[in-house]
Amino acid sequence: MRQASSRDCEVTDERDENKLIAERRRKLDELREIGNAYPNDVHRNALADELHRTFGEHEAEHLIEEDVEVDVTGRMMRKNVMGKGSFIALADRSGRIQVRLERDRLPEGVYAAFKKWDVGDILFAKGKLFKTQKGELTVLADEVRLVTKSLRPLPEKWHGLSDQEIRYRQRYVDLIMNEESRDVFRKRTAVVQYMRSFLDSQDFLEVETPMMQVTPGGAIARPFKTHHNALDMELYLRIAPELNLKRLVVGGFERVYEINRNFRNEGVSTQHNPEFTMMEAYRAYADYQDWMNSTEAMLRGMSSAVLGTTVVEYQGESYDFGKPFARMTVEEAILKYNEDIDSGKLRDRDYLVSVCERLEVPVLEGYGEGKLQIEIFEKTCEDKLREPTFITQYPTEVSPLSRQNDSDPFVTDRFELFISGREIANGFSELNDPEEQAARFRAQVANREAGDDEAMAFDHDYIRALEYGMPPTAGIGVGIDRVVMLFTDSPSIRDVLLFPHMRPEVFD
RNA sequence: GGGGCGUUAGCUCAGAGGUAGAGCAUUCGGCUUUUAACCGACUGGUCGUAGGUUCGAUCCCUACACGCCCCA
C-alpha cells in the first residue's frame, strides 16, 4: 500500500498516530477507567429490517398505542446531535434503524456520555417504536450503551470508500461502508446455494477431495508447490479435482460434485486469481449433450432465483438466459469469425501455421492441427462470443481427458460455454477407455519433456482406477467466480472475492 | 514480462517551479423531530519512497514501491 497511508497502521505510540485515532484512544482509556470497555453481555431481540417490515407501514398513532419495546444493536453510522435531543442510525446485519436519544429521557449523565461517542462505535439501545414527523420508524431510547469503541474513523459519509486498494485490502471497511459490496457477496452465496440445490435435487452427492496432491492433474496449468515436513516430500496444491471425482464414479458414486478452491500458479488479472472456486460435477450414463442441456437449465434457473429475472445485465450488455443458448463447433466458429479462412484446409497444418503467423500467434514446434485451431479460435473468436454460446467439438489434441467423437476422432465430445466473451464452463464426455487414456497421458508426458511445463503428468493410479471400469460418464466444471461476476455486473474477479490476492502491504 | 494512468489531510477530491487548498470527519460552543441536519470558531500535511536537475521541487527528470486499466 502507499507508504504514507500505511504508516499509521501498526504504530501504537500515540504521538505518531493521527489525531483522530489518538482522540478515540483517549476516549477508550476513559471507558476502561469506568468499567469493562469490551462487554460481552449484550443481546438484542430485533433486527432493523424485521422492524421495518413489521411496523414500517403502521400509522404513527397506532404505533404509539401498540407500545412496542425493542432491543437493538449496531454500528452508529450517522449521528445528528441537536442540543438535548439527537438522532442516530444503527446498522446491523439486516439494515439500519434510527434511534432517538433525549437527554431527559435517559438516566442521569448518559446523554452527556453519548455526545462523546463517535460514528463507527457499536451501540445497544432499548426503547419504544415511534415515527418521526417525516414518517421514519425510530426507537425512542430509554437506555443506550456503548458496546464496542471504534478507534479508527470511517470514510466520509457522502462519498464513502471508493479507493479500490483499500476496498480490497481492508474488505471490512468496504463492507461497513458499501451496501453494493455487501450485496455482491450475498449474491455470491445465493449462486452457490442455487447450484447446490440444483444438483442435490438430482441426487448428486457433494464430496470433498484433496487440495494437496502428489501428482497435480485434471487440467493444463502450472501448480503451486509446497512441502510436507514430517514426510519430507513435495506436494502440489490441486489445479482441479477432476481425476479424484472420476475415481469416485468408478467407486459407484454415479453422481458426484464438489464446490471448492483450485490453485493455479499463473498471472493475476481482472479475470484470474491464483485461487478460485470451481464447481465440478460428474454424472454416469450421461454424455456431453446432457450436460449442455443441464448447464443451460441451471443458469436459467439461477438467474431467476438470484436476480429475479432471466435477463442478465453485464457491463452495458444484456443477455437473456431465457432464450436457448447458441451452439456451434470450434471449426464453425473459426469460419464464422474469419471469412478469409479456407474451410477446406482447417486441418492442414501448413495452412494453419500460415494463418497463425498472419495473426501473430506464436507457433511452437510441437503444435498439431488441433492446437493450432485452438490458438486461432482463442485469438479470433472468444471475445466475440457475447451471447451465451456452447462451443463444441474441441480437438482431441487439446483435450487429454475427453472421449473422442465416434465419427470424427480428430475431435472430442466436449464443449465450453462462453458468455460475454469469457469461458464460463467446460464439460465433456469422459474418456473411460484406460488404454486410450494411458496413450493420452504418454503424449502429455512427451509434451512435458519437450518443455511444456503445463502438460499433464502420467497418473498411474488414475489409469488403474479406469481399469476397474468407469461407466460411461460426462462431467462439467463451472467457474463460480465468473458466474458471480456476470450476476453482479462486476468488471473484475477481485470484486467478487472477499479477500482477493494482493501484493503484501508494507508496514514500516 | 511490455505499455498507459494514478498515489496530496482520516475519507472524497482540487491545485501550481516560489511558505499547501476545499468539503466531510475531528476538537470547542449553540441548538429536543434530524436524516449529506444546521449555525459559529479552531485544528489537521515529510504532497508514495529514494536520488537527480534547479537559487528553490509536492510540481520537471530517473529509479523503485503499491494500485488501476490494456496487451502478452
Side-chain angles (χ1 to χ4, degrees), chain A residues 1-9 11 16-27 48 60 63-64 76-91 95-106 111-112 114-121 127 129-141 150-170 173-174 176-178 266-272 315 356 359-364 375 378-379 382-383 421 490-495 500-508:
Chain A
M1 165 178 261
R2 294 165 308 167
Q3 306 217 334
S5 306
S6 66
R7 179 167 295 118
D8 59 12
C9 286
V11 178
D16 290 340
E17 279 185 343
N18 79 58
K19 287 190 170 180
L20 301 174
I21 296 178
E23 180 64 33
R24 289 180 178 216
R25 213 177 276 282
R26 269 195 295 279
K27 291 175 180 175
L63 200 50
I64 297 293
M76 180 160 62
M77 300 303 290
R78 174 165 58 80
K79 183 186 182 194
N80 297 346
V81 178
M82 294 154 294
K84 300 179 189 65
S86 299
F87 286 101
I88 62 173
L90 296 186
R96 291 187 183 188
I97 183 73
Q98 182 166 260
V99 178
R100 165 76 175 167
L101 304 170
E102 294 178 358
R103 190 193 65 179
D104 298 339
R105 203 182 168 84
L106 292 166
Y111 190 77
F114 153 77
K115 282 205 194 175
K116 297 198 168 192
W117 300 347
D118 295 292
V119 168
D121 289 350
L129 289 177
F130 78 106
K131 278 196 168 178
T132 63
Q133 289 175 356
K134 296 278 173 59
E136 178 161 355
L137 187 67
T138 303
V139 177
L140 180 56
S150 172
L151 293 177
R152 288 177 183 269
L154 291 176
E156 194 220 357
K157 60 191 167 193
W158 185 237
H159 298 93
L161 177 67
S162 58
D163 185 309
Q164 290 283 36
E165 186 170 353
I166 302 179
R167 291 188 52 214
Y168 296 150
R169 285 194 196 280
Q170 296 175 246
V173 181
D174 179 40
I176 288 170
M177 297 305 297
N178 296 318
E266 292 159 5
V268 177
S269 76
T270 52
Q271 312 299 319
H272 301 88
Q315 301 293 293
C356 283
L359 294 170
E360 296 179 356
V361 174
V363 174
L364 299 184
E375 292 289 324
E378 287 178 356
K379 176 86 177 184
E382 277 193 7
D383 65 330
S490 298
S492 170
I493 193 170
R494 289 182 279 265
D495 297 323
H501 178 79
M502 303 287 275
R503 287 178 188 274
E505 186 175 355
V506 179
F507 290 100
D508 52 8

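By convention in this document, chain letters (A, B, ...) are assigned in the order of the sequence lines, proteins followed by strands, and residues within each chain are numbered from 1. Below, each value reflects all heavy atoms present in this structure, side chains not excepted, and no hydrogens, waters or symmetry copies.
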(message) Side chains of A:T138 and A:L129, heavy atoms from C-beta outward: is any pair under 4.5 Å?
(response)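 They are not in side-chain contact.
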(request) Please examine the side chains of A:L20 and A:D118, heavy atoms only from C-beta on, and report whether any two atoms are closer than 4.5 Å. (result)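 No; the side chains remain at least 4.5 Å from each other.
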(message) With nearest nucleotide decided by heavy atoms, which residue, A:K379 or A:F130, maps closer to the 5′ end of RNA chain B?
(response)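 The residue closer to the strand's 5' end, by nearest nucleotide, is A:F130.
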(message) Assuming nearest nucleotide by heavy-atom distance, tell me which of A:G267 and A:T132 is located more 5' along RNA chain B.
(response)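 Counting from the 5' end, the first nearest nucleotide belongs to A:T132.
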Length of the line joining [X]:[atom1] and [N]:[atom2], which is rounded to integer Å:
X      : N     : atom1 : atom2 : result
A:I176 : B:A25 : CD1   : P     : 18 Å
A:K19  : B:U43 : NZ    : P     : 9 Å
A:H159 : B:A22 : NE2   : P     : 16 Å
A:E266 : B:C71 : CD    : C1'   : 17 Å
A:L90  : B:U35 : CG    : P     : 18 Å
A:N18  : B:U43 : CG    : P     : 18 Å
A:E360 : B:G2  : CD    : P     : 19 Å
A:L154 : B:U26 : CG    : C1'   : 13 Å

Side chain of [X] - closest among [options]:
X      : options             : result
A:E156 : B:G67, B:G23, B:U34 : B:G23
A:R503 : B:G10, B:C66, B:U35 : B:C66
A:Q98  : B:C66, B:U34, B:A36 : B:U34
A:Q164 : B:A37, B:U12, B:C68 : B:C68

Counting only side-chain N and O atoms of [X], is one of them less than 4.0 Å from OP1 or OP2 of [N]?
X      : N     : result
A:R494 : B:C68 : yes
A:K131 : B:U33 : no
A:S162 : B:C13 : yes
A:K27  : B:U27 : yes
A:R152 : B:C11 : no

Work out how far the [atom1] atom of [N] is from that of [M], and round it to whole angstrom.
N     : M     : atom1 : value
B:G17 : B:A65 : P     : 30 Å
B:U43 : B:U27 : P     : 16 Å
B:G48 : B:A20 : P     : 14 Å
B:U49 : B:C59 : P     : 10 Å
B:A14 : B:G56 : C1'   : 24 Å
B:C24 : B:C38 : C1'   : 14 Å
B:A25 : B:C13 : C1'   : 15 Å
B:A57 : B:G1  : C1'   : 33 Å

Strictly distance-based, threshold 3.5 Å: is any side-chain N or O of [X] a donor or acceptor partner for the main-chain N or O of [Y]?
X      : Y      : answer
A:R24  : A:S150 : yes
A:K79  : A:K115 : yes
A:K131 : A:L63  : no

Residues 80-89 of chain A side chain polar contacts: donor-acceptor under 3.5 Å, at least two apart:
from: A:S86; atom 1: OG; to: A:Y111; atom 2: OH; distance (Å): 2.6

Tell me which nucleotide, if any, is Watson-Crick or G-U wobble paired with [N] when both distances must be under 3.5 Å.
N     : result
B:U62 : B:A50
B:U32 : none
B:G21 : B:C13
B:G44 : none

Applying a 4.0 Å non-hydrogen cut-off, can you work out what [X] is touching in the nucleic acid: base, sugar-phosphate, or nothing?
X      : value
A:T270 : sugar-phosphate
A:R24  : nothing
A:K84  : base
A:E23  : sugar-phosphate
A:V119 : nothing
A:M502 : sugar-phosphate

Taking atom types as they are modelled, would you say the side chain of [X] forms a donor-acceptor pair with the base of [N] within the 3.5 Å cutoff?
X      : N     : result
A:R78  : B:U35 : yes
A:R103 : B:U32 : no
A:E165 : B:U7  : no
A:E136 : B:U35 : yes

(message) Using a 6.0 Å cut-off, check whether atom CD of A:Q315 has over 12 heavy atoms from anything other than its own residue.
(response)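 Counting other residues, nucleotides and ligands, CD of A:Q315 exceeds 12 neighbours.
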(request) Can you sort out the partners of A:P155 under side-chain contact (heavy atoms from CB on, under 4.5 Å), two or more places apart, ordered by chain and number? (result)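 Partners of A:P155 under the side-chain contact (heavy atoms from CB on, under 4.5 Å) test: A:L161, A:V173, A:M177.
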(message) What verdict does the side-chain contact (heavy atoms from CB on, under 4.5 Å) test give for A:E165 and A:D163, after you've listed the backbone C-alpha separation in whole Å, the side-chain angles of each residue and the deciding distance to 0.1 Å?
(response) CA-CA 6 Å; A:E165 186 170 353; A:D163 185 309; 3.3 Å; yes
